[in-house]
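Here the structure is a predicted model, which is why all the values come from computation and not from measurement. Lettering of chains follows the sequences in order, A, B, ..., and the numbering in each one begins at 1.
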Amino acid sequence: MLKSHTCGELRSQHIGQSVTLAGWIHRRRDHGGVIFIDVRDREGIVQVVFNPELSKQSHEEASQWRNEFVVQVKGEVARRPAGTENSRMPTGEIEVIARSAVTLSRAKTPPFYINEEQEVDESLRLKYRYLDFRRPRMKDNLILRHRVVKFMRDFLDARGFVEVETPILIKSTPEGARDYLVPSRLQPGKFYALPQSPQQLKQLLMVGGMEKYYQIARCFRDEDLRADRQPEFTQLDLEMSFVEEEDVLRLMEDMFTQLVQTITPQFKLITPFPSLSYAEAVSRYGSDKPDVRFGLHLHELSDILGKSEFEVFRQAVEKGGKIKGISVPGCAGYSRRELDELTQIAKSCGAKGLVTLSINPDVARPEDVTLERVRSIIARFLKPEELQGVVQRLEAKGGDLLLLAAGDAVLVDKVLGELRKEMGKRLNLADPDLLAFAFIRDFPLLEWNQEEGHWQAMHHPFTAPMLEDMPLLDTAPDRARGRHYDLVCNGFELSSGSLRIYTRELQEKVFKLLGYKQEEIEERFGHMLEAFDYGAPPHGGIAPGIDRFVMLLARETNIREVIAYPKTQSAADLLMNAPSPVSDTQLRDLHLKIVE
RNA sequence: GGCCCCGUGGUGCAGCGGCCUAGCAUGCGAUCCUGUCAAGGUCGAGAGCGCGGGUUCGAAUCCCGUCGGGGCCGCCA
């Protein structure tokens, strides 16, 4: 090794020891005579002193050094002279007195600061990602990610799980996200797909008797990117045989609870994790991935306002829709402009508009609310008892702002869910030190695909229907619930899983519900059905998203900050410059021709 | 496919029709300096404002297009 110690580990206990350090020049302070240089490696920073009277060679070498040069220094660890200790540095009690010095690599001035925590344009950071890794933010995030994955592996290993790798080149799956395709050279005109998840492969491992499987699995989905979505991402993919919902959920609760307590104990948890049905989540929070760190619950108002003089409300209910509202504490003073902003959010979700109602701050008790003491464009349409009913239902008080939406039931929940999120953010209602995990259960098995005019699986086509809803598959498939569960945290979907179908009969029935013809079923899923013929155990699993979870632990708002080499919104890699054109020879080998 | 924001020396910001032959901080180079730690002092170099077009007597500032980055909707079994 070119070093005997790391820079960051040196303490007063090392005083008197001869050490060899190697690292980067973090910062230099040249006094003309003595030179102080902070040398940095992954473990930290230590001050090295170059005194021409003690070592002419090392002083001359060091006077050539600039930031980010890679150097090796031999010297003695010494206690700093009284009064020159630096309490802000972990190594601040000591310094290394240089005896000899070697320049291992020279460095150009970097395109952005390594030694200062200044915001830098992200595209520049991505282009020079290797320099970004030298900064504490990325370094700490990558180390945190390592510790999280290590914990997961150890945890599952201790519970009898076996890590199995599955291929990256697999068969294209018809449903779901767009596949990334890889052309086959040996079989002209055919393609592999990169896995959206190892779903079928892990189920077949269960059929194979592996019983408990996991994998840190890379997944690929060719869809548009978001702050929490990358085209390739990592899941802790796992599957278990002979289990029911509770077994999977308890495993997840134990794992995440112990992980957070061990790795990031600064976060608070709510245990046991609360459980909400999909219907409850949507009706109370307007989302199937609610941030349950704060209230601002949605309440149904159709029964109170459905016969109102206000045309929009009355028609919404007559047409089978509904009216709902939330009460935002202390926002009755919102200006016209602020209310317009909220209306704009509602419209961006597809609403026609938004009804706001401000309650005068001088209203002491809910029963004192009168039509004269509220401000709203619908005040003149309301009867006093309607207003009273709304105020009581929303548990509103003086100074509150009520936001009311009416129309299509799904839309109303979505609109108010967005507004709830927005107001939670504006009012800082969410405790940043809390990781509010919650299980969402009882999802519908199917959802209607409006564009293509057929049913599609809410989760995936291998999800088992709930036993008691099995008869509904024939009569009212829209009402059948799947044995599907999600784990959400602070408004993010962290995991999705289910118990799976494990008989040919049921699997074929579901495929047919999804609109597949018998030949398609055979062509696309024949291998699964055949596997089920050979004694498939009841099984189920879940797949927590590692990037999103680490993002929450790192208090980042963007998944790219916890991925070493992420892609931009246009799915480009700015470091390697991918995607890129390829040679005609490569194309010919793959039997491909570029059109246009 | 759509909506919104951003793009000024190496970096981060200011300037938003003439006061800009573009300002500040930091970095960079030189020099002085033996106890600093965002070391300090002095001197110096460094951008014509992403790119293209237009409006105007005059554009970094306004308009159009385009490229790049970001947030969002759609999409994400």
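- Contact annotation for A:Gln230: no contact, since no heavy-atom pair falls under 4.0 Å across all strands.
- As a whole-Å value, the separation of A:Tyr180 OH from B:rC76 P is 15 Å.
- A:Thr84 comes within contact range of at least one nucleobase, with a heavy-atom separation under 4.0 Å.
- No more than 12 heavy-atom neighbours from other residues, nucleotides or ligands sit within 6.0 angstrom of NZ on A:Lys56.
- As a whole-Å value, the separation of A:Gln235 CD from B:rC76 C1' is 12 Å.
- Among the heavy atoms of the strands lying under 4.0 Å from A:Ser197 is at least one base atom, whether or not backbone atoms are also near.
- Atom P of nucleotide B:rU11 and atom OH of A:Tyr128 are separated by 9 Å, given to the nearest angstrom.
- Summarising the base pairing, B:rG23 is matched to B:rC13 through a Watson-Crick or G-U wobble pair whose two defining distances lie under 3.5 Å.
- If you measure from atom CD of A:Glu116 to atom P of B:rG27, you get 7 Å, rounded to the nearest angstrom.
- Here A:His31 and A:Phe36 bring their ring centres to under 6.0 angstrom of each other.
- Backbone-only contact: A:Gln456 has heavy atoms under 4.0 Å from sugar-phosphate atoms and none from a base.
- At the heavy-atom level, A:Arg66 lies under 4.0 Å from the strands shown only through sugar-phosphate atoms.
- Between A:Phe50 and A:Ala101, the closest heavy-atom pair is CE2-CB, 4.0 Å.
- An OP1 or OP2 oxygen of B:rG71 is reached within less than 4.0 angstrom by no side-chain nitrogen or oxygen of A:Lys425.
- Counting non-hydrogen atoms under 4.0 angstrom, A:Asp30 reaches a base of the nucleic acid.
- Among the heavy atoms of the strands lying under 4.0 Å from A:Glu95 is at least one base atom, whether or not backbone atoms are also near.
- A:Gln569 comes within contact range of at least one nucleobase, with a heavy-atom separation under 4.0 Å.
- Residue A:Tyr113 has its side chain nearest to B:rU11 when only B:rU11, B:rC72, B:rG70 are considered.
- Within the nucleic acid shown, A:Pro81 comes within 4.0 Å of at least one base atom, counting heavy atoms only.
- Here A:Arg29 reaches the OP1 or OP2 of B:rA39: one of its side-chain N or O atoms lies under 4.0 Å away.
- The side chain of A:Ser348 contributes no N or O atom lying less than 4.0 Å from OP1 or OP2 of B:rC73.
- For an aromatic pair to be called close, the ring centres must be under 6.0 Å apart, and A:Phe133 with A:Tyr565 satisfies this.
- Nucleotide B:rG46 is matched to nothing when pairs are restricted to Watson-Crick or G-U wobble geometry with both distances under 3.5 angstrom.
- Nearest-nucleotide positions on RNA chain B place A:Gly83 closer to the 5' end than the other of A:Glu122 and A:Gly83.
- Side-chain contact of A:Gln456 with A:Asn449: a donor-acceptor pair under 3.5 Å is present, judged by distance alone.
- Taking atom P on both B:rC5 and B:rG9, the two are 22 Å apart, rounded to the nearest angstrom.
- Annotation for A:Glu61: atom CD counts as buried by contact number, over 12 foreign heavy atoms lying within 6.0 Å.
- Looking at heavy-atom distances under 4.0 Å, A:Arg125 makes no contact with the nucleic acid at all.
- In this structure, A:Asn67 reaches the B:rC28 phosphate: one of its side-chain N or O atoms is under 4.0 Å from OP1 or OP2.
- With centroids closer than 5.5 Å and planes inclined by less than 30 degrees as the test, A:Phe36 and the base of B:rU36 pass as a stacked pair.
- Using a 4.0 Å heavy-atom criterion, one finds that A:Leu574 contacts the sugar-phosphate atoms exclusively.
- Atom CZ of A:Arg106 is surrounded by 12 or fewer heavy atoms from other residues, nucleotides or ligands within 6.0 Å.
- Atom CE of A:Met470 has more than 12 heavy atoms from other residues, nucleotides or ligands within 6.0 Å.
- Look at B:rG48: its glycosidic torsion is within 90° of 0, and that puts it in the syn range.
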**Study point:** A:Tyr502 and A:Phe532: CA distance, side-chain angles, deciding distance, ring pair (Phe, Tyr, Trp, His ring centres under 6.0 Å) verdict
**Key:** CA-CA 6 Å; A:Tyr502 60 95; A:Phe532 293 161; 7.7 Å; no
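- Among the nucleotides B:rA39, B:rC76, B:rG35, the one closest to any side-chain atom of A:Val34 is B:rG35.
- Picking from B:rA38, B:rU11, B:rC72 the nucleotide with the shortest atom distance to the side chain of A:Arg27 gives B:rA38.
- Straight-line distance from the CZ atom of A:Arg229 to the C1' atom of B:rG74: 10 Å, rounded to whole Å.
- Atom-to-atom, CZ of A:Arg226 to C1' of B:rG69 comes out at 16 Å; the value is rounded to the nearest Å.
- For A:Lys414 and A:Asn558, each mapped to the nucleotide of RNA chain B holding its nearest heavy atom, the one lying further toward the 5' end belongs to A:Asn558.
- In terms of phosphate contacts, A:Ser570 brings no side-chain nitrogen or oxygen within less than 4.0 Å of OP1 or OP2 of B:rG68.
- The nearest whole Å value for the distance from the CG atom in A:Asn115 to the P atom in B:rA39 is 8 Å.
- With both pairing distances under 3.5 Å, B:rG18 is matched to B:rC57 as a Watson-Crick or G-U wobble pair.
- Residue-nucleotide stacking is present for A:His31 and B:rA39, judged by a side-chain ring centre under 5.5 Å from the six-membered base ring centre and planes under 30° apart.
- Within the 4.0 angstrom heavy-atom criterion, no nucleotide atom of any strand lies near A:Ile35.
- With a cut-off of 3.5 Å on both Watson-Crick or G-U wobble distances, the partner of B:rG7 is given as B:rC67.
- Using a 4.0 Å heavy-atom distance criterion, A:Arg88 is classed as a sugar-phosphate-only contact.
- If you take CG of A:Leu131 and P of B:rU11, they are 13 Å apart, rounded to a whole angstrom.
- A distance of about 47 Å separates the C1' atoms of B:rG18 and B:rC33, rounded to the whole Å.
- Residue contacts for A:Lys347: at a heavy-atom cut-off of 4.0 Å it reaches no nucleic acid atom on any strand shown.
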